[in-house]
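Shown next, in structure tokens, is the structure this report addresses.
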Amino acid sequence: MSESGTSGSGRGRGPQRAGQGSQRGDQRGGGASRRNAQGRERNRGPQRNYTENAPSQRTRRADPARLVAFEVLRAVASEDAYANLVLPARIRHHGLDKRDAGFATELSYGALRGQGTYDAVLARCVDRPLDRLDPAVLDALRIGAHQLLAMRVPAHAALDQTVGLARAVIGAGPSTLINAVLRKVSAHTLEDWLELLLSNETDATKVASVRYAHPEWIVRAFRQSLVAHGRPVTEIDDLLEADNAAPVVNLVALPGLGSLDEALENGASAGELVEGSALSSGGDLGRLSSVREGTTRVQDVGSQLVARALAAVDLGNENAGTENLGTAAGKGESWLDLCAGPGGKAALLGALAHQRGATLLANEPAPHRAKLVRQALGAVPKDAWQVRTGDGREVGTEQAESFDRVLVDVPCTGLGALRRRPESRWRRTPKDLTDLGPLQRELLKSALDAVKPGGVVAYVTCSPHPAETTAVVSDALRKRDDLELLDAGSALDVVSLTGHLNAGHEMTAQLWPHIHRTDAMFLALIHKKP
């Protein structure tokens, strides 16, 4: 990571030693005189903490990259905003170049991901409960802590620039507190802090929660999820660590419409898991004409795999078993994306449908998201798709047994995309699982009602939690005798360049960040018997 904004001139660690103060009598140590030019003694104790710069040299402006990160954290905390939506707009607003934009991105996402760990450290350095701090002050402290503990920023620069940011946008008084607290934070490395925080902790869940900055309930949920999908529970640390790694931007060229040539010429590398994918080197993807035209899109490889797996199921044989999974013609078929917003999978399915002579109906209940779906499908010839704005739970009744292939990517907790949505881990609660369960089941029922006999439904979530994955599918299968599971693991293998993803377990499939470097996408393929 670049050392952006490192113009602070102080050392940043520890107070000045006695005898090293300026000749104006502002020394900090050992009983030294604190009289000013008029002979008046300043009533300030020796423990008052500042950066080591003289007052005239201290930063009094907000470094633009750090200001962007602060504004992102403020929007997330006070407006319930999503960092991935706020960040690009703030970068453009402040006119950051590529280097500073990269710094702002790492600082924003890193401070959000590590919030739980940094709060545990800060709680040792603040003389009051963190919830009694002004929220803006706490966000500034988190930004400073991330620089000091997890970025290649010199301590003096992290202190000086963060205090300058606080002085410029919060006030002089709070900046003094922030300076004092961050000087305490800088006294130890992250590993030393973790040793201090966890030295007497024996609960493995609490240890993992602090060390890997995940709420305890999510640590427990991930352990349960690993076991439920056939993975050893000993992978929990690898999974949590993968969640904290900055994700690489994945690209997809819409089949038959897009090309990755421009992206590859601009530093992207070819994807290793699925055809037509690439890994971006970063930067402003909007500068690529193929991205602006919509023929090349940003989309996680996990999403690409599940969409392609649905499109590849061979429906030409009465027994649509594993041996018949492959490239399906699809001519004349009708496809449905039941929960299409914001349109990423719909665009890929639409392009595949156009290639194969099929048509796609993309359904989205929210009008503003339906607009996004239309925009996403804009690069696909219009005779291949249609957008419906309405409740997906009604489609199964209104258009019963009308579709050959149905994707139902249900609303979920998003626990599988915490690396891309760092604020989500601190927002979600176990109650969300309970609240979303009925909707997930109703949408799957609608999808099963809408699919033709002989057709297939892909039930997809961006979550590995069994309450959102296998439990929902099992409930649906229990209620009907005209359904059967196809081998979803084999279906993913067919469309993968590796041919062996090792994602399947008991006929369903689960992708993992620490295994496949994708979001934790779940896939079940449910065949309606003819």
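No hydrogens, no waters, no symmetry mates; every other heavy atom, side chains included, goes into these values.
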Atom CZ of residue position R425 - does it have more than 12 heavy atoms of other residues, nucleotides or ligands inside 6.0 Å? yes
Can you list, pair by pair, the side-chain donor-acceptor contacts under 3.5 Å of residues 376-385, counting residues two or more places apart and other chains?
| from | atom 1 | to | atom 2 | distance (Å) |
| --- | --- | --- | --- | --- |
| W385 | NE1 | L377 | O | 3.2 |
| W385 | NE1 | V380 | O | 2.9 |
| W385 | NE1 | P381 | O | 3.4 |

Mind listing the closest non-hydrogen atom pair of [X] and [Y] along with its distance?
X    : Y    : answer
I143 : R66  : CD1-O, 4.4 Å
V410 : Q440 : CG2-CG, 3.7 Å
E468 : Y459 : O-OH, 2.8 Å

task: Could you tell me whether R419 sits above the aromatic face of Y109, with NZ or CZ closer than 6.0 angstrom to the six-membered ring centre and within 45 degrees of the axis?
output: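 Cation-pi check for R419 and Y109: fails.
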Any side-chain donor paired with an acceptor under 3.5 Å for E262 and S289?
-> yes
Would you check if the side chain of [X] reaches a backbone N or O of [Y] as a donor-acceptor pair within less than 3.5 Å?
X    : Y    : result
H465 : A467 : yes
H354 : G350 : no
S277 : L251 : no
K528 : V451 : yes
E401 : A450 : no

Could you walk me through whether T498 and S496 pass side-chain hydrogen bond (donor to acceptor under 3.5 Å, both in side chains), step by step? CA-CA 5 Å; T498 68; S496 169; 2.9 Å; yes
request  = Any chance you could measure S108, atom OG, to L87, atom CG, to the nearest 0.5 Å?
outcome  =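 Result: 5.0 Å between the selected atoms.
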Here the salt bridge (Lys or Arg N to Asp or Glu O under 4.0 Å) pairs for residues 340-349, sequence neighbours left out, are K345-D409
Those residues at least two apart in sequence (or on a different chain) that pass side-chain contact (heavy atoms from CB on, under 4.5 Å) with H94 are L67, V68, E71, R90, L96
For the aromatic rings, using the six-membered ring if either is Trp, is the centroid distance between F522 and H229 under 6.0 Å?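 Yes - the distance between ring centres of F522 and H229 falls below the 6.0 Å cut-off.
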